[in-house]
Amino acid sequence: MKVLVVGSGAREHALVDGLLADDTVTEVVAAPGNAGIAARVRVAPVDVLDGAAVADLAVAEAADLVVIGPEAPLVAGVADAVRARGIACFGPSAQAAQLEGSKAFAKQVMAEAGVPTAMAHVCTTADEVGRALDQFGPPYVVKDDGLAAGKGVVVTEDRDAALAHAVACLARGGDARVVVEEFLDGPEVSLFAVTDGTTVVPLQPAQDFKRAGEGDTGPNTGGMGAYAPLPWAPADLVEQVTERVLQPMVDAMHRRDMPFAGLLYAGLALTSRGVRVVEFNARFGDPETQVVLANLRTPLGSLLMAAATGTLDRLPPLAWQSGYAVTVVIAASGYPESPRTGDVVSGLEEAAQEVGVDVFHAGTALRDDGEVVTSGGRLLSVTAHGDSLAHARQHAYAAVDLIRIEGSHHRRDIAQTAAEGGAR
Ligand code: AMP
Ligand code: GLY
């Protein structure tokens, strides 16, 4: 089968590599891709938000399957446009992608499905926000209702800062809404499920490091590192979340006549009172995908095709490589506030030669003179497999230390607590 991968991040680079490793995949094309993806497969330029353009490209390439990486095209209906042309697509419809596109919608479906989540109020005025903040008390959690690339959430002890964030979101006008919710304590887990709208196939649980700074300090980012699986997680975690969260959500979407087929990503908090959903995403998480796919043995193309064609119930159980994977994200100078672009990236070849290491590209581009240069906020996702978390970390950081990018930064503590026997 021939596959078109849509997107340009490290997640898409990992998807491309995973697909290339599947014997049933004869060719992979990526659009628009990045410098790292272009070194692996042919890339084609495309506006990923333009459904007709993506569908035209899929037809022109005679793709058998289109895999859509990021959320924005899904929410914009790109998967619908591809399917309308008779091509199988891994990714939910625009309607179903509202589970990620609108936090208020997600809360509604969770309530219908009886899925445990934080208590929340959807607010449209500063007065409503103020009352909700006082009801829940500190720490305050305020979320922009719409897509915000991981940066729409403020968690703070400071009531004024919480209110200011809400007011800034509401100031956009139109149908701007914010969600104010109860603070959830306890370690966070990302659990992905591949689903065809009926059958749910959970992947390995992973943990993401969202804050820019070590010790979970600094602003929220798209994710600064991840590891999988979780040595500290309860043995029945995946089973429990599948039964109480993932399957009920898929069933509820089915009942609403907006089946969710693609990747359902549950962001969870394991609180003292049990598992609670923090958020849903409608696509593979970045950087968790890099570590989950590093451990997956089942051919990726067959898995995604089965989800896209409603045949997941016929797929054999997933196979996993033993051991652990760790990924460390190298970010540009100024990320997340104002990433600087145009810096030269060196040491890539040396890093890729480290044992068990894959260097996935995110914000990189090829300059006319052949140099790889920075072109975004998150630049590289340096991923390593090891028989223990400690070994996986060693390999990943050995590779990170060979890469040089002026002004770049990364966290040194990815998976450290877990490697030392804790849960972070
Ligand atoms: P979200 O965009 O909803 O994933 O939120 C981003 C991050 O903010 C999450 O990964 C959490 O670390 C934090 N967060 C979101 N909601 C809550 C909550 N109710 N309680 C505590 N932390 C939260
Ligand atoms: N790792 C967080 C996300 O993909 O949204």
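Read the numbers this way: they start at 1 and go in the same order the structure lists the ligands and their atoms. Count residues from 1 along the sequence. Keep in mind the model is a prediction, meaning the values are calculated, not measured.
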Checklist outcome for this item: So the atoms of ligand 1 within less than 4.0 Å of a heavy atom of V141 turn out to be 16 (N), 17 (C), 18 (C), 19 (N), 20 (N)
Checklist outcome for this item: Exactly one candidate in T309, V194, I68 meets side chain to side chain contact (heavy atoms under 4.5 Å, CB included) with F90; the answer is V194
Checklist entry - Is there a nitrogen or oxygen of L184 sitting under 3.5 Å from a nitrogen or oxygen of ligand 1? => result yes
Next on the checklist: Against the six-membered ring of Y265, is R283 placed for a cation-pi contact (under 6.0 Å from the centre, within 45° of the normal)?
Outcome noted: yes
Checklist entry - Relative to the heavy atoms of G285, which atoms of ligand 2 are at a distance of less than 4.0 Å? => result 4 (O)
Checklist entry - With backbone taken as N, CA, C and O and side chain as the heavy atoms from C-beta onward, which portion of E182 lies under 4.0 Å from ligand 1: side chain, backbone, both, or neither? => result backbone
Item to check | Pairwise distance OG1(T117) to CG(L268) - rounded to 0.5 angstrom | outcome: 9.5 Å
Next on the checklist: Within this structure, what is the CG-OH distance for the pair L163 and Y140, rounded to the nearest 0.5 Å?
Outcome noted: 10.0 Å
Next on the checklist: Below a 4.0 angstrom heavy-atom separation, can you tell me which part of E71, side chain or backbone, both or neither, approaches ligand 2?
Outcome noted: neither
Item to check | Worked verdict on F260 versus H254 for ring pair (Phe, Tyr, Trp, His ring centres under 6.0 Å) | outcome: CA-CA 7 Å; F260 186 100; H254 212 281; over 10 Å; no
Checklist entry - Which ligand 1 atoms are under 4.0 Å away from a heavy-atom of E181? => result 16 (N), 17 (C), 18 (C), 19 (N)
Checklist entry - With a cut-off of 4.0 Å, which atoms of ligand 1 are near a heavy atom of K103? => result 1 (P), 2 (O), 3 (O)
Checklist outcome for this item: CD (Q108) and NZ (K103) are apart, to the nearest 0.5 Å, by 15.5 Å
